[in-house]
There are 2 protein chains.
Amino acid sequence: MININIHQSINEILVRLFADILDIEEKCLGQGEFSDLSITEMHIIDNIGIDKERTMSNTAKDLRITSGTLTTAIDNLIRKGYVERRRSNNDRRVVMIKLTEKGVLAYKSHEEFHKDLVFSALTNLDKNEEEVLIKVLTNIDVFFKNKYNFS
Amino acid sequence: MININIHQSINEILVRLFADILDIEEKCLGQGEFSDLSITEMHIIDNIGIDKERTMSNTAKDLRITSGTLTTAIDNLIRKGYVERRRSNNDRRVVMIKLTEKGVLAYKSHEEFHKDLVFSALTNLDKNEEEVLIKVLTNIDVFFKNKYNFS
DNA sequence: AAATATAATTTGATTATCAAAGCATTTGGG
DNA sequence: CCCAAATGCTTTGATAATCAAATTATATTT
């Protein structure tokens, strides 16, 4: 009985947290510098990363979207000045993308946001609580890998 | 030092989990019965809940979408046979929605998925740790609401 | 050299979303 | 009691994100 209730309430809290985090991210994005970026675009910038060139196909795979979707997203990010694109010299079919300086700034700002979010979430926890949380997160992670056979 | 690392790893786990959960949920949906439902639609079904009639506006508020968006979503769910809609007798402006039998089945199937997830999250935790977890998650949620000034 | 495979883009469609306008009904102030 | 304002919902018109399939250009294989 009590077990069921605990499960139930944990479920509810998790669902709520999930929604809240998305909301917070959106809100924070919308009001800062870089407010011309959507969450999706920010995640693409995050995935491209700093100081490296990526191919379109690898990036699309990482992001779990089709390359067609990525093409249009990158078109927009180039238009907005966050990304550069060039053809590879080795293989002229391949297109390399990388962040511009402005893109790097956006990346860093987003990284800051994440750090801040996690930091503030954890700042009131004692060691013991932190450990429980890590244990749980790791459990879930492992569970997914096993059960759903993740790449 | 060690603190920073813990934060860092929690951050990474969270980001990964976030992507995985959505993905898995989508995958599970796509292959079962109810494969004509999108994740979004399933979340609406989840929010409506079993054994109660809800108003459109309350549901929209809960889901944090505009009522216009909900109207079209409900149109589709009715067309697919998951939801019923009727005007309230007390107040003819109000529209009540509720799950059909098929809707309830979909609800339960989705509930299974969540139960599974939570169950796996809690393996290895003893009673005490479970309680700590609830406290931790609730705190984080409250904290976010305050810090980011949620409605 | 021709056939096949690969990488990216384009095209045409769908879904989810919003803001603002519109419609029907209820409520509150004169 | 009536009319103006408020409320609840739907419609409209627009945009973003996404996919699958067709297309284009280049590499690889046979």
Side-chain angles (χ1 to χ4, degrees), chain A residues 18-19 22-23 25-27 29-30 34-48 53-80 82-98, chain B residues 18-19 22-23 25-27 29-31 34-48 53-80 82-98 151:
Chain A
F18 212 85
L22 277 179
D23 254 40
E25 204 161 1
E26 187 151 34
K27 212 180 207 173
L29 245 184
F34 310 125
S35 60
D36 62 339
L37 291 172
S38 68
I39 291 190
T40 307
E41 289 175 323
M42 192 52 108
H43 285 158
I44 294 174
I45 286 177
D46 185 71
N47 191 279
I48 295 176
E53 278 191 316
R54 314 274 321 273
T55 67
M56 288 294 284
S57 43
N58 282 154
T59 310
K61 204 165 162 195
D62 268 20
L63 290 164
R64 297 177 191 159
I65 56 179
T66 64
S67 47
T69 301
L70 186 59
T71 295
T72 56
I74 293 294
D75 286 347
N76 290 328
L77 285 172
I78 288 169
R79 186 172 44 72
K80 294 180 187 173
Y82 292 96
V83 173
E84 285 168 7
R85 173 162 52 189
R86 70 172 186 85
R87 288 233 158 242
S88 159
N89 293 322
N90 302 338
D91 185 337
R92 306 279 308 146
R93 290 169 304 180
V94 172
V95 167
M96 313 298 293
I97 50 179
K98 90 176 206 239
Chain B
F18 228 82
L22 280 177
D23 239 51
E25 213 163 355
E26 188 150 34
K27 215 181 206 171
L29 250 183
Q31 58 200 19
F34 311 125
S35 60
D36 62 339
L37 290 173
S38 68
I39 291 191
T40 307
E41 288 175 322
M42 193 52 107
H43 285 159
I44 294 174
I45 287 177
D46 185 72
N47 191 280
I48 295 176
E53 279 192 316
R54 314 272 324 271
T55 66
M56 289 291 286
S57 44
N58 283 154
T59 309
K61 204 166 163 194
D62 268 20
L63 290 164
R64 296 177 191 161
I65 56 180
T66 63
S67 46
T69 301
L70 186 59
T71 295
T72 55
I74 293 294
D75 286 347
N76 290 328
L77 285 171
I78 288 170
R79 185 172 45 71
K80 294 181 187 172
Y82 293 95
V83 172
E84 287 169 5
R85 171 163 53 188
R86 71 173 185 83
R87 289 229 159 243
S88 160
N89 293 323
N90 301 339
D91 185 337
R92 308 278 309 144
R93 291 169 304 181
V94 173
V95 168
M96 311 299 294
I97 50 180
K98 91 176 204 236
S151 47

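In what follows, every chain begins at residue 1, and chains take the letters A, B, ... in the order their sequences are listed. Note that this is a predicted model, so its numbers are computed, not measured.
- Under the side-chain contact (heavy atoms from CB on, under 4.5 Å) criterion, B:E26 pairs with B:I39, sequence neighbours left out.
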> Which nucleotides of nucleotides 6-17 of chain D have their base under 4.0 Å from a protein heavy atom (B), which only their sugar-phosphate (S), and which neither (-), written as one string 5' to 3'?
Replying inline: BBSSBB-----S

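- Protein chain B touches strand DNA chain C; the 5'-most and 3'-most nucleotides with an atom under 4.0 angstrom of its non-hydrogen atoms are C:dA16 to C:dT26.
- A search for side-chain contact (heavy atoms from CB on, under 4.5 Å) contacts involving A:T59 returns A:N47, A:I48, A:R54, A:L63, A:L70, A:I97, not counting sequence neighbours.
- For B:N89, the side-chain contact (heavy atoms from CB on, under 4.5 Å) partners are B:R86, B:R92, not counting sequence neighbours.
- In this view, B:D46 satisfies the side-chain hydrogen bond (donor to acceptor under 3.5 Å, both in side chains) rule with no residue, not counting sequence neighbours.
- Applying the side-chain contact (heavy atoms from CB on, under 4.5 Å) test to A:S38 and every residue at least two apart in sequence or in another chain returns A:T40, A:E41.
- Looking at residues two or more places apart in sequence or on another chain, you find no side-chain hydrogen bond (donor to acceptor under 3.5 Å, both in side chains) involving A:T72.
- Partners of A:T66 by side-chain hydrogen bond (donor to acceptor under 3.5 Å, both in side chains), not counting sequence neighbours, listed by chain and number: A:T69.
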